[in-house]
Protein chains: 2
Amino acid sequence: MQLRRRDVVDKAARLLDDYGIADLTMRRLARELGVSPGALYWHFADKQELLGAVADRILEPAVDGQSDAEWQGRIHAICRTLRNALLSTTDGAELVSATLATGKSTALATVLSRLTDAAAAAGVDADHAGLVARTIIHYVLGFTADEQSRIQWDAAGALPEEQSILNEDPTARFAFGLDLLVTGVAHVPGARRVSR
Amino acid sequence: MQLRRRDVVDKAARLLDDYGIADLTMRRLARELGVSPGALYWHFADKQELLGAVADRILEPAVDGQSDAEWQGRIHAICRTLRNALLSTTDGAELVSATLATGKSTALATVLSRLTDAAAAAGVDADHAGLVARTIIHYVLGFTADEQSRIQWDAAGALPEEQSILNEDPTARFAFGLDLLVTGVAHVPGARRVSR
DNA sequence: ACCTGAACACCGTTCAAGT
DNA sequence: ACCTGAACACCGTTCAAGT
C-alpha cells in the first residue's frame, strides 16, 4: 500500500532513536521502508526537508503548552521543555542544530518567535530581541549537544562514576548557564526597564 | 618528493577557503595533492584529526596575543579575535564547531582554558567556570556561523540591500550578545564578588 | 499520482603489496 | 618509512519508464 509522508517521518524518527544521526540516511530509510531510494523524493524535496520534518516531530512537546508567566519564567519554561524534547531521542540536539541552519523546521521557528516575544517583554528593543532569542537557542542546543554526547560516551563504557558525583547534576548546570543569559537580559543597558 | 603533514593542512585550508566545507573531502584533498586517498591516512588517523589540524591553523591568530586586562576585557578580546579568525575563511565557524565536538583542536582547548580563567577571575567557582567558558564559545560559534551563512547567502545574490541598513552592523550585534553573557557573569548569584 | 530501476558522481577507510 | 592500487561498503539525487 501507499507510502505516506507521516510513515516516512515515523520510521526516520525510529531510525534516529535506535541508531543515531549517522545512520539516518535516505538509502537506509528507504530500505527500512521497503521502497526504492527515489520514492522518498516524491514526498520530500531533499534530505534537509526530511530532517526538518523529523525535527518538528521531536519538538512537538516543546511547542504545545503556552505559559503566561512573566518573561523570565517564560524563557525558563520554553528552554526546559526544549531541552527535554532534545534529550528524549538519540542525537536530538545535533539533529535540531543542523536544522536550525537550514530553517526547515516550523517548530523551531515557533520556539524562536516565543523567545523573541519574551525578550521584547523584558524591554529589549525589536532589533535585538531576535538576537537574544537566537543566543538562547544556541545555548540550549550547545549545552544539550554536549550533555548528550557525554551520555553516549559514558554509555559506551568510559566514565569512572566518581567524577559524576563531584559535579552538579546537568539540570542544575543547565539552569545556571541559562540564568547567565536571563540575568544579562535583565541588566542589559539601553532597554527601557518595565518592572514585572 | 615526500608529502609532509604541513603541506596537507595547507592544501586543506586552501580547499576550505576556495570551495567550502562540503568540498573538503579526503578524496578531493588527495587528488589536489596528487596522491592516492590512502596516503593521507599515513599522516592522519582519520578525517576528524585532519579537520582538527585545519581548525588549529584557522585559530592560530586567536591564540597568540595574551591580554592582561581585567576579566571583562579579556573575555571581549578573546571573543573578538576568535570571531575574526572564524570569519577569515569560508565556513570557518562551521568547521570549528564540528571540531569542538570531537575535541581534536588544541587551539580550541587553549581558548577554552583562557575563558575558564577569565570566568574564575570574575569570581565564578571552579565547577561553573568551565560551563561559562563553553557557553561563551557556543555563543561565538553560533553567532558567527549564522553571520557567515548569511554572508554566503547574500553573496549568492539574494538580499535587497535595504534590510542591511536598518539593522545594526554585525560587529555591534556581536558585542551586544556577548555583553548579555558578560553582564550575566558579573551579576550571577553565588559568586564571591571581587571588585575590579 | 506514485514508484521502480538504474545510473551518476561521489564518499571515508583499510590494507596487501610495492619502493 | 611512506605510498599505491584496489577494494569494501556505502552516500544523495535524478529521471526515464512503468503502473
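Computed from a predicted model, the values in this text were never measured in an experiment. Values below: every heavy atom of this structure, side chains too, minus hydrogens, waters and symmetry copies. Here is the naming used below: chain letters follow the sequence lines, and residue numbers restart at 1 for every chain.
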Colleague: State the pairing partner of C:dG5; accept Watson-Crick or G-U wobble contacts with both distances under 3.5 Å, and report none otherwise.
Modeller: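 Partner of C:dG5: D:dC15.
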Colleague: Only one of B:Val96, B:Ile78, B:Leu115 clears side chain to side chain contact (heavy atoms under 4.5 Å, CB included) with B:Ile137; which?
Modeller: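 For B:Ile137, the side chain to side chain contact (heavy atoms under 4.5 Å, CB included) check succeeds only for B:Leu115.
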Colleague: Please determine, for the side chain of A:Asp46, which listed nucleotide (D:dT13, C:dC3, D:dC2) has the closest atom?
Modeller: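 Shortest atom-to-atom distance from the side chain points to D:dT13.
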Colleague: Please report the distance separating the P of C:dC8 from the corresponding atom of D:dA9, rounded so that it comes out in whole Å.
Modeller: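 Comparing P positions in C:dC8 and D:dA9 gives a spacing of 22 Å.
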Colleague: Which atom pair, heavy atoms only, marks the closest approach of B:Ser105 to B:Leu59?
Modeller: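 Result for this residue pair: OG-CD1, 4.1 Å.
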Colleague: For B:Asp17 and B:Thr90, which heavy atoms make the closest approach, and how far apart are they?
Modeller: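 Looks like O-OG1, 2.6 Å.
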Colleague: If only atom types and distance count, is the side chain of B:Gln72 paired as donor or acceptor with the main-chain N or O of B:Asp179 below 3.5 Å?
Modeller: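 Judged by distance alone, no pair lies under 3.5 Å.
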Colleague: Using a strict threshold of under 4.0 Å (side-chain N to carboxylate O), is an ion pair present between A:Arg74 and A:Glu70?
Modeller: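 Salt bridge between A:Glu70 and A:Arg74, a charged N being under 4.0 Å from a carboxylate O: no.
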Colleague: Decide whether B:Asp91 and B:Gln152 meet the rule of one side-chain donor and one side-chain acceptor closer than 3.5 Å.
Modeller: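 There is such a pair (donor and acceptor under 3.5 Å, judged by atom type) between the side chains of B:Asp91 and B:Gln152.
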Colleague: Roughly, in whole Å, what's the span from CD in B:Gln2 to P in D:dT4?
Modeller: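 Result: 11 Å.
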Colleague: To the nearest Å, give me how far apart CH2 (B:Trp42) and C1' (D:dC2) are.
Modeller: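 It works out to 6 Å between those atoms.
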Colleague: Can you see which heavy atom on A:Glu168 is nearest to which on A:Arg173, and at what distance?
Modeller: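 A:Glu168 and A:Arg173 have their closest heavy atoms at O-CD, 3.6 Å.
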Colleague: Can you tell me how far P of C:dG12 sits from CG of B:Leu50, to the nearest Å?
Modeller: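 To the nearest whole Å, that distance equals 10 Å.
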Colleague: Indicate yes or no for a side-chain donor-acceptor contact from B:Tyr139 to the backbone of B:Phe174 under 3.5 Å, with no hydrogens or angles considered.
Modeller: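 Such a contact is found between B:Tyr139 side chain and B:Phe174 backbone.
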Colleague: Does B:Leu16 form a side chain to side chain contact (heavy atoms under 4.5 Å, CB included) with B:Thr89? I'd like the steps, not just the answer.
Modeller: CA-CA 8 Å; B:Leu16 177 70; B:Thr89 194; 4.1 Å; yes
Colleague: For B:Leu40 and C:dG12, give me the distance from atom CG to atom P, rounded to whole Å.
Modeller: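 About 10 Å, once rounded to whole Å.
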Colleague: Round to the nearest Å and state the distance from B:Arg4 atom CZ to D:dA1 atom C1'.
Modeller: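 Atom CZ in B:Arg4 sits about 16 Å away from atom C1' in D:dA1.
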Colleague: Counting only non-hydrogen atoms, which of residues 8-15 of chain B are less than 4.0 Å from DNA chain C?
Modeller: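 Listed by number, there are none.
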Colleague: Strictly under 4.0 angstrom, non-hydrogen atoms only: write out the protein contact profile of nucleotides 5-11 of chain C, one letter per nucleotide from the 5' end, B, S or -.
Modeller: B-B---B
Colleague: Give the rounded distance in Å between these two atoms: CZ of B:Phe44 and P of D:dC3.
Modeller: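 Distance, rounded to whole Å: 12 Å.
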Colleague: Just how far, in rounded Å, is P of C:dA1 from CZ of A:Arg5?
Modeller: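 My rounded result for the distance is 17 Å.
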Colleague: Whole angstrom is fine here: how far is it from NE2 in A:His43 over to C1' in C:dC3?
Modeller: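 Atom NE2 in A:His43 sits about 8 Å away from atom C1' in C:dC3.
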Colleague: Measuring only the C1' atom in each nucleotide, how far is D:dC3 from C:dA16? A whole number of Å is fine.
Modeller: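 These two C1' atoms come out 12 Å apart once rounded.
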